[in-house]
Amino acid sequence: MRPSKTASNRERDCALPELPEAETIARDLDRAVAGATIVGVDVRLRRIVVASPGKNFAKAFIGERIASVARRGKYVVLNLGSGLRVVTGLRMTGRLLVRHTEEAEPPGAHVVLRLEDGRALCFADVRTLGRMRLVERGEAWDEALGAEPLDAGFTVESFIGMLAGRTTPVKVLLLDQRRIAGIGNIYACEALWKAGIRPSRPSRALTKPAARRLHCAVVEVLTRAIELRGSSIDDYVDAGGRKGGFQNVLAVYGRRGRPCPRCARPIVRTVLAQRGTWWCRSCQR
DNA sequence: CCGTTGCCCTGCCAGC
DNA sequence: TGCTGGCAGGGCAACG
C-alpha cells in the first residue's frame, strides 16, 4: 500500500518505525526469542554497531541469554542475562527479523545474532542509518529521552507543562524525543488532525481544552496503532516480516488532495521544520 | 538551557 | 533508454 503515489510522485512518504512499530517488534521478539542463547554475532557492516571504548561488540555477548525484549521510545531493547543490553534504533528503514533455521537471510542483514537453536535475529537496513548499541550493565543510555506517552506519568498536566511558554510549533514539540519519546512524523500528523489543531500553532498558544484534546489524541492514536500492529507505508514490517494495518486508517498522513475524513475538504501538505506535514486547513486551527 | 543547521545514507523519481 | 541530481527524514554533533 502506497497511499500517496497517486497524488504526487515527489512525495515519498517513508516508513519511519515509530513507537507502535517498535512496540510491535519488541512484543513479537519477546515471545519469539526470550530465553534463547546467543552463540555467535556476525557484524558485516561495522558502522552499524556501537560499543563502549575497548569493547568488541561482536564478542561481548556471545553465550548470553536473551532475558526479555522491551521498547523505550522508538528503540527496541534486548535485555541480556548479565544485565548488558542491546539497544536498536531502526531509524528510517531498519528491520529486526527472526530468521528460522534453514531459512535464507534477509537482504542487507548487517548484523546477525545467531541463536543456539539454529535461528538468527537479523538487523537489516538498506539505508544503513540504524544503529545497534551495546549498553553496559546499569548504564543510563536513555537519559535524553522524554516521557513514555503510554505510561501513567504522561499526564495532561505534564503535557501542559511542556507546552507552557514555548514558541515552538506544536508539531515540532511532539517530535522532540527529549520531551516525549516515540512520536514520529506519522503519529504527530495523525494526532494533530484528531485533536483539530494546526501543526504550526505555537505550543504556548494552545488553550487548556486544546492541550487536553491533543494529549488524548496522542494516547488514542498510539494505542490504536499498536492494536493494528503499526503502519506499513514503504518499508516497515514486523519481526516476522508481516505488514501492519494502521496505514489503512490514516486520516491525513501521505494523503495530499484526498478528502478530510471529517469535513471532506482536501488534505494539504506543507513543510514544517524541514518535514512533510499533512493536515486539513479547514478543521485544524 | 534553547533552538537551528548540517550531515549521515540509499532508493526512487523528475528531468534531461 | 540511461544517467544525474534532488529529495526523503530521525538522530546526533556542532554551533550561537
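Only this structure's heavy atoms are used, side chains among them; waters, hydrogens and symmetry mates stay out.
- Residues satisfying the salt bridge (charged side-chain N to carboxylate O under 4.0 Å, His left out) test with A:Arg31, not counting sequence neighbours, are A:Asp28.
- For A:Asp142, the salt bridge (charged side-chain N to carboxylate O under 4.0 Å, His left out) partners two or more places apart in sequence, or in a different chain, are A:Arg72.
- A:Leu19 has its CG atom 15 Å from the C1' atom of C:dG10, to the nearest Å.
- With sequence neighbours excluded, the residues forming a side-chain contact (heavy atoms from CB on, under 4.5 Å) with A:Glu105 are A:Arg44, A:Arg99, A:Ala109, A:Val112, A:Cys122, listed by chain and number.
- The stretch residues 202-227 of chain A participates, sequence neighbours left out, in these ring pair (Phe, Tyr, Trp, His ring centres under 6.0 Å) pairs: A:Phe154-A:His215.
- Residue A:Gly89 is out of contact with every strand shown, counting any heavy-atom pair closer than 4.0 Å.
- Judged as a side-chain contact (heavy atoms from CB on, under 4.5 Å), and not counting sequence neighbours, A:Arg46 has no contacts.
- Under a 4.0 Å N-O distance rule, the pair A:Asp125/A:Arg95 does not qualify as a salt bridge.
- Note: CD1 (A:Ile183) to P (C:dG11) measures 12 Å, nearest angstrom.
- Helix bend of the helix from B:dC2-C:dG16 to B:dC16-C:dG2: the angle between its two end axes, each built from five pairs, comes to 40° after rounding to 10°.
- Between A:Glu143 atom CD and B:dC1 atom P there is a gap of 12 Å when expressed in whole angstrom units.
- For A:Leu129 and B:dC9, the CG to C1' distance is 5 Å, given to the nearest whole Å.
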Report, one pair per line, the protein and nucleotides 2-4 of chain B atoms (nitrogen or oxygen only) whose separation is under 3.5 Å.
from	atom 1	to	atom 2	distance (Å)
B:dG3	OP1	A:Thr168	OG1	3.1

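- Contact annotation: A:Arg47 side-chain N/O to B:dC9 OP1/OP2 distance is under 4.0 Å.
- The ring pair (Phe, Tyr, Trp, His ring centres under 6.0 Å) contacts involving residues 87-141 of chain A comprise A:Tyr75-A:Trp141, where partners must be two or more places apart or lie in separate chains.
- Within the 4.0 Å cut-off from OP1 or OP2 of C:dA8, not a single side-chain nitrogen or oxygen of A:Arg275 is found.
- A:Gln274 places its CD atom 8 Å from the C1' atom of B:dT5, with the value rounded to the nearest Å.
- For C:dG10, neither phosphate oxygen OP1 nor OP2 lies less than 4.0 angstrom from any side-chain nitrogen or oxygen of A:Gln177.
- For A:Ala32, the side-chain contact (heavy atoms from CB on, under 4.5 Å) partners at least two apart in sequence or on another chain are A:Val98, A:Arg119.
- Atom CE in A:Met92 sits about 6 Å away from atom P in C:dG10, given to the nearest Å.
- In this entry the distance linking CD1 of A:Ile48 with C1' of B:dC8 reads 11 Å, nearest Å.
- Side-chain contacts under 4.5 Å among hydrophobic residues (ILVMFWY), followed directly or transitively, place A:Val268 together with A:Trp279.
- For residues 22-69 of chain A, every residue pair satisfying the ring pair (Phe, Tyr, Trp, His ring centres under 6.0 Å) rule, not counting sequence neighbours, is listed here: A:Phe57-A:Phe61.
- A:Tyr187 has its ring centre no less than 6.0 Å from the ring centre of A:Tyr253.
- Per the geometry, CZ belonging to A:Arg127 stands 17 Å off P belonging to B:dC7, to the nearest Å.
- Residue contacts shown for A:Asp125 are absent, as no nucleic acid heavy atom lies under 4.0 Å away.
- A donor and an acceptor atom, one from each side chain of A:Thr277 and A:Lys171, are located under 3.5 Å apart.
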Identify all pairs in which a protein N or O lies below 3.5 Å from an N or O of nucleotides 12-16 of chain C, and state each distance.
from	atom 1	to	atom 2	distance (Å)
C:dC12	OP1	A:Tyr75	OH	3.4

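- With C:dG10, B:dG11, B:dT5 as the choices, the nucleotide that has an atom nearest any side-chain atom of A:Lys74 turns out to be C:dG10.
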